[in-house]
Novice: 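Below is a structure I'd like to ask you about.
Everything numeric in this text was worked out from a predicted model, so none of it was measured. Numbers restart at 1 for each chain; the letters A, B, ... are given by sequence-line order, proteins then strands.
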2 protein chains.
Amino acid sequence: MAVWQQQIDSRITDMITRESGYPADFADALLYATVPGGKRLRPILCLAWHELFAGVDEYALDYACGIELIHSYSLVHDDMPCMDNDEYRRGKFTVHKKYGECMGLLVGDALMDLAYKYLCKPSPRCKKPPLAVTEYSNLLGGKGLICGQYYDLFGNIKDVDTLIEKVHMQKTAALISLACASGATLGVSITTEAEDSLIYSTGEDCSPIIRRDYKYLDAPCYARDFGKAFGVAFQLYDDITEYLDGENIGKTSVLNYLNLEDAKRMLNKYLNDAIKELNGYGDTSFLREFVEKFIIA
Amino acid sequence: MAVWQQQIDSRITDMITRESGYPADFADALLYATVPGGKRLRPILCLAWHELFAGVDEYALDYACGIELIHSYSLVHDDMPCMDNDEYRRGKFTVHKKYGECMGLLVGDALMDLAYKYLCKPSPRCKKPPLAVTEYSNLLGGKGLICGQYYDLFGNIKDVDTLIEKVHMQKTAALISLACASGATLGVSITTEAEDSLIYSTGEDCSPIIRRDYKYLDAPCYARDFGKAFGVAFQLYDDITEYLDGENIGKTSVLNYLNLEDAKRMLNKYLNDAIKELNGYGDTSFLREFVEKFIIA
């Protein structure tokens with residue numbers, strides 16, 4: 001995991017300083033926003049699912065970094081004064097606090113643009129990206145990240161089910177699920193010749209895949225469902241630890257809707273749901289242990 | 001032209017209300033930002049170049065709307081208080097003035113995300129998008145739009161050549177050039193079977209195309225160069241009319257570097273450069289007349 005984290009840092013640095021074309025001053029701000037990052041949870045889940053089926057290669061690493069760039073853009077914009085107005089992230093000033101609001105806005109835009117480059121880039125081996133661009137746009141937009149942020153800010157959420165469905169699922173779990181499903185798709189595409197069948201495979205309706213009698217072909221569906229369950233759990237974990245640490249809880253924290261015990265029960269249920277998807281493919285001990293770290297007894 | 005404008009309005013409305021997945025309140029803000037639009041210059045140039053080679057179909061229209069969505073996102077973000085702080089656009093409140101800054105930020109993000117969906121979407125006929133995604137990311141980011149905006153705001157431009165190269169070329173001409181080149185590529189792909197040769201054809205080095213002895217195959221290069229020249233001219237035209245209308249000129253207006261007569265001369269030179277690229281392909285009278293409207297005597 002530490003090796004992957006290092007590789008991710010190093011690759012994102014290269015993407016920004018050597019491949020993006022931006023002038024040095026602007027690239028500095030892009031780097032500030034991205035390296036060193038946090039836990040790199042999303043790209044690491046992507047690579048872990050990939051590795052169940054095939055060793056991680058340069059292309060998988062680029063792809064995983066594309067996922068992380070999406071996460072980075074959303075953090076930079078979410079921190080802005082007009083959104084969450086956060087002055088610190090990971091122990092240092094947020095981008096707009098350090099470079100000014102104008103740069104915060106531009107840096108976020110640039111990171112989203114850059115992310116698309118690596119998410120959609122074909123590799124010599126796999127001619128198409130693991131998801132259709134329509135699916136990216138949905139999961140990063142109207143059926144995921146941006147929509148979840150909209151509900152987070154303006155949703156007027158009344159009950160816990162709506163909170164999970166509209167905010168936690170879209171704002172957090174959609175991107176994590178995308179990371180897992182596409183990591184699996186990329187990994188499987190190395191071990192099978194069924195590349196075409198796998199494209200579009202991680203959408204809402206995965207029945208066309210499961211009906212095929214082909215080893216591993218349903219893996220992206222398990223990965224997707226794992227990602228959805230773990231993604232919701234991860235957000236619940238965040239809500240609960242914030243509460244336990246005595247911080248102010250946000251208006252879309254689960255603790256506004258459930259007491260601590262029920263929230264913990266819900267967290268552990270989602271973690272178990274995630275673990276249930278880890279059946280049948282190779283050595284899943286890394287993913288299992290990864291998930292179990294989030295259990296709160 | 002009016003027909004195309006109407007089709008663009010109608011198609012963007014559909015993309016937002018029916019295809020984006022966003023809840024109605026958020027879709028309203030997206031629509032407010034995009035329909036009715038301005039002159040629709042970029043998508044119309046895209047369709048006009050397409051039509052030199054093949055009639056405009058649904059796919060070309062979707063693609064042209066993708067281009068317009070990029071333009072729309074950049075306007076929404078540029079208008080924000082931390083950027084140009086504009087309260088009005090096209091005679092009505094800017095998005096952030098009407099819906100709040102937070103929505104301005106989210107709406108811009110959502111429009112960029114949506115644009116990628118239609119720019120990269122494959123059609124049944126043309127399996128790949130007209131440009132490689134790497135090229136999109138560059139032209140919309142580090143070698144184009146976002147980079148140009150960065151230079152516009154922080155470039156500390158000292159002379160007119162740098163202004164043209166760093167700001168006008170990147171902030172304005174890159175997207176217009178992309179619109180023309182990809183319109184031509186899409187149009188040509190209908191009349192030839194040479195789809196693969198055309199992909200990647202509009203990048204910096206177009207020599208691989210010109211060397212081929214294939215009818216129309218160099219069209220995207222002419223379109224690209226037309227777009228670059230017209231794009232710079234369009235920005236100069238904007239600078240000059242702003243000055244003639246007695247408005248405050250921005251710090252990256254060409255009138256800070258040239259007197260009126262020299263600025264007009266430069267405008268008309270770039271317009272002529274654009275017209276020179278209109279040689280040899282079908283009936284270019286629409287494009288020629290389009291360009292000539294920007295001449296200031």
Novice: At under 4.5 Å between heavy atoms, what parts of residues 67-86 of chain A are in contact with chain B? List them by residue number.
Specialist: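 Within residues 67-86 of chain A, near chain B: A/Tyr73, A/His77, A/Met80, A/Cys82, A/Met83.
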
Novice: What part of B/Phe154 is in contact with chain A, defined as an atom under 4.5 angstrom from a non-hydrogen atom: side chain, backbone, both or neither?
Specialist: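 Just the side chain, heavy atoms under 4.5 Å.
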
Novice: Just checking B/Asp159: does its CG atom have more than 12 heavy atoms from other residues, nucleotides or ligands closer to it than 6.0 angstrom?
Specialist: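 Yes, because the 6.0 Å sphere around CG of B/Asp159 holds more than 12 heavy atoms from other groups.
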
Novice: Which pair of non-hydrogen atoms, one from B/Tyr150 and one from A/Asp25, has the smallest distance, and what is that distance?
Specialist: OH-CB, 2.8 Å

Novice: Can you list the steps and then say if B/Glu101 with A/Glu101 is a side chain to side chain contact (heavy atoms under 4.5 Å, CB included)?
Specialist: CA-CA 12 Å; B/Glu101 273 189 59; A/Glu101 273 189 60; 4.3 Å; yes

Novice: Got B/Asp109 and A/Leu145 here, is their nearest side-chain heavy-atom distance under 4.5 Å?
Specialist: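 Sidechains of A/Leu145 and B/Asp109: no contact.
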
Novice: Counting heavy-atom pairs closer than 4.5 Å to chain B, which one of A/Leu30, A/Leu114, A/Leu140 comes out on top?
Specialist: A/Leu140

Novice: I'd like to know whether B/Tyr136 forms a side chain to side chain donor-acceptor pair (under 3.5 Å) with A/Asp113, so could you lay out the CA-CA distance, the side-chain angles of the two residues, the decisive distance to 0.1 Å, and finally the verdict.
Specialist: CA-CA 9 Å; B/Tyr136 286 124; A/Asp113 177 68; over 6 Å; no

Novice: Considering only heavy atoms and a distance below 4.5 Å, find which of B/Ala27, B/Gly100, B/Cys102 pairs most often with chain A.
Specialist: B/Cys102

Novice: Are the side chains of B/Cys147 and A/Tyr22 in touch, meaning some heavy atoms are under 4.5 Å apart?
Specialist: yes

Novice: With a 4.5 angstrom heavy-atom cut-off, which part of A/Leu153 approaches chain B: side chain, backbone, both or neither?
Specialist: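 The side chain, not the backbone.
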
Novice: Looking only at heavy atoms and a cut-off of under 4.5 Å, which of A/Lys143, A/His96, A/Met103 has the most pairs with chain B?
Specialist: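 If we count pairs closer than 4.5 Å to chain B, A/Met103 comes out on top.
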
Novice: Please round to the nearest 0.5 Å and tell me the distance separating atom OH of B/Tyr116 and atom OH of A/Tyr116.
Specialist: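 Separation between the atoms: 8.5 Å.
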
Novice: Measure the shortest side-chain to side-chain distance between A/Tyr118 and B/Ser137 over non-hydrogen atoms and say whether it is less than 4.5 angstrom.
Specialist: no

Novice: Of all heavy-atom pairs between B/Ile146 and A/Phe26, which one has the smallest distance, and what is that distance?
Specialist: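 Of all heavy-atom pairs spanning B/Ile146 and A/Phe26, the closest is CG2-CZ, 4.1 Å.
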
